[in-house]
Amino acid sequence: MPTIRIPVGPLFSFRECRWFLHRNFDDCMHVVEEDQVKKALLIDGHLLLVSLSEEKEALRVQVLKGPDTPALRKAVTDYITDWWDLDRDLLPFYQQIAKHKQLAYMAADYKGLRLLGMPDLFEAISWAIIGQQINLSFAYKLKRRLVEKYGTHLDHEGSKHYLFPSPEALMRATPEDLRAMQFSQQKIRYLLTVAEAFFSGGISKQELIALPDFAARQQALLALKGVGIWTANYALMKSLKEPGSIPHGDAGLLNALLAHSLIKDKSDLRAIERLFAKFAGWESYLVIYLWRSLAKMD
DNA sequence: AACCAGGCGCATG
DNA sequence: CATGCGCATGGT
């Protein structure tokens with residue numbers, strides 16, 4: 001079986017990354033097992049199934065299904081490196097965390113946790129819209145209904161592994177179908193608008209990356225109906241890996257800040273600004289680690 | 001059984 | 001510019 005080894009440094013933990021992908025939710029975009037994570041990928045027009053597992057000082061990637069060529073191996077390596085943010089040197093972030101009284105414990109407790117991205121920008125924006133203002137359990141259910149109806153899949157050992165629907169596939173959804181899946185009328189409109197914007201070429205990840213700066217990328221996303229500051233920044237953080245992106249107003253983020261007594265209440269914007277100023281260039285990592293801290297023990 | 005969910009757009013003061 | 005409201009429904 002084709003196997004790829006991607007070397008990783010000391011600030012990497014397969015266990016922490018695997019845990020974040022699982023988190024007691026039922027995310028249909030990957031399958032998390034005891035010692036591996038499986039995911040279907042569309043790379044250079046090829047549908048592949050890969051399995052990630054832990055190896056000494058490396059991440060082992062096995063191609064369980066799909067063609068095997070040197071070019072594809074390279075593309076798979078690039079994809080995983082982006083998805084698990086393997087190229088980033090976390091040392092500066094850890095040095096900053098260590099200086100912070102209330103947060104210093106995270107460097108030890110969550111050591112090696114990476115920003116698990118969403119390389120597909122359309123997926124990141126759609127997922128953010130789905131998750132707006134509802135609890136995550138419900139949001140994952142909505143996503144699963146959408147993906148199982150409009151996404152393509154690959155069969156392997158009796159289970160299906162899904163890709164997020166393409167904009168074109170989602171455009172075929174009718175408002176009635178989506179309503180029957182319990183999407184609200186607003187979310188239906190937002191999702192179909194975003195699908196249309198991606199399909200018609202009004203927006204794409206490549207074009208966004210080509211824009212001069214963060215503010216310009218943010219503005220391009222905010223032009224979409226249903227995309228506010230939270231959704232735009234979430235997508236920029238998860239898909240474009242903007243290190244300074246903060247999903248402002250995020251309910252989980254505010255709760256984590258409250259739990260650490262870092263803010264006096266949820267409208268304490270000045271304290272939030274002060275905290276993030278200490279993590280300039282690492283704001284998105286701070287958000288990830290604060291989200292991590294919300295977990296109930298299991 | 002209220003109240004809150006990984007918000008947003010739109011209508012009012 | 002700031003504040004309020006409806007959205008839809010699952011968790012706790």
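Residue numbering restarts at 1 for every chain, and letters A, B, ... go by the order of the sequence lines.
For C:dT9, one of the phosphate oxygens OP1 or OP2 lies less than 4.0 angstrom from a side-chain nitrogen or oxygen of A:Arg179. Between A:Thr231 and B:dC8 there is a side-chain polar atom (N or O) within less than 4.0 angstrom of OP1 or OP2. A sub-4.0 Å separation between OP1 or OP2 of B:dG7 and a side-chain N or O of A:Gln186 is absent. The phosphate of B:dC10 has OP1 or OP2 within less than 4.0 Å of a side-chain N or O from A:Lys225. Between A:Asn255 and B:dA5, a side-chain N or O to OP1/OP2 separation shorter than 4.0 Å is present. Distances shorter than 4.0 Å separate some side-chain N or O of A:Lys266 from OP1 or OP2 on B:dA5.
Summarising the geometry, the separation between CD on A:Gln133 and C1' on B:dA5 is reported as 6 Å, rounded to the nearest angstrom. Between the CG atom of A:Asp26 and the C1' atom of C:dG10 there is a distance of 15 Å, rounded to whole Å. Rounded to whole Å, atom C1' of C:dG11 lies 9 Å from atom NZ of A:Lys141. Taking atom NE2 of A:His248 as the reference point, atom P of B:dC8 lies 12 Å away to the nearest angstrom. Between A:Leu142 atom CG and C:dA8 atom C1' the separation is 9 Å, expressed in whole Å. Atoms OH (A:Tyr190) and C1' (C:dC7) sit 9 Å apart, rounded to a whole Å. Regarding A:Asn233, its CG atom lies at a distance of 13 Å from the P atom of B:dG7, rounded to whole Å. Across the protein-nucleic acid pair, A:Arg145 atom CZ and C:dG10 atom P stand 8 Å apart, rounded to whole Å.
Within 6.0 Å of the NZ atom in A:Lys111, the count of heavy atoms belonging to other residues, nucleotides or ligands does not exceed 12.
C:dC5 and B:dC3 are spaced 14 Å apart, taking the P atom of each and rounding to whole Å. Of the P atoms belonging to B:dA2 and C:dA8, the separation is 22 Å, rounded to the nearest Å.
Backbone-only engagement by A:Leu224 is indicated by non-hydrogen atom pairs under 4.0 Å involving sugar-phosphate atoms exclusively. Note on A:Ile229: only backbone sugar-phosphate atoms sit closer than 4.0 angstrom, heavy atoms only; bases stay farther off.
Put simply, the side chain of A:Asn135 and the base of C:dG10 share a donor and an acceptor less than 3.5 Å apart.
Salt-bridge annotation for A:Arg114 and A:Glu16: absent, with no side-chain N of the basic residue lying under 4.0 Å from a carboxylate O of the acidic one.
For A:Tyr105 and A:His100, the gap between ring centers reaches or exceeds 6.0 Å. Checked against a 6.0 Å centroid threshold, the rings of A:Tyr140 and A:Trp127 count as neighbours.
Annotation: of the two residues near DNA chain B, A:Phe25 and A:Gly226, the 5′-most nearest-nucleotide partner is A:Phe25. Comparing A:Lys238 and A:Val227 by the nucleotide of DNA chain B that holds the closest heavy atom to each, the one mapping nearer the 5' end is A:Lys238.
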Worksheet entry | Test ring pair (Phe, Tyr, Trp, His ring centres under 6.0 Å) applied to A:Tyr79 and A:Trp84, step by step | CA-CA 9 Å; A:Tyr79 182 97; A:Trp84 285 38; over 10 Å; no
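In the set B:dG7, C:dC7, C:dG10, B:dG7 carries the atom at the smallest distance from any side-chain atom of A:Trp230. For A:Ser137, the listed nucleotide lying nearest its side chain is C:dG11; candidates were B:dG7, C:dG11, B:dC8.
Aromatic ring orientation, A:His30 versus A:Trp83: tilted (interplanar angle from 30° to 60°). Relative ring orientation between A:Tyr285 and A:Tyr289 is described as tilted, the plane-to-plane angle lying within the 30° to 60° band.
Between A:Ile246 and the options A:Ile272, A:Leu286, A:Leu253, a side chain to side chain contact (heavy atoms under 4.5 Å, CB included) holds for only A:Leu253.
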Worksheet item: Starting at the 5' end of DNA chain C, what dot-bracket string do you get if Watson-Crick and G-U pairs under 3.5 Å are bracketed, crossing pairs use [ ], other-strand pairs use | and unpaired bases use dots?
Response: |||||||.||||
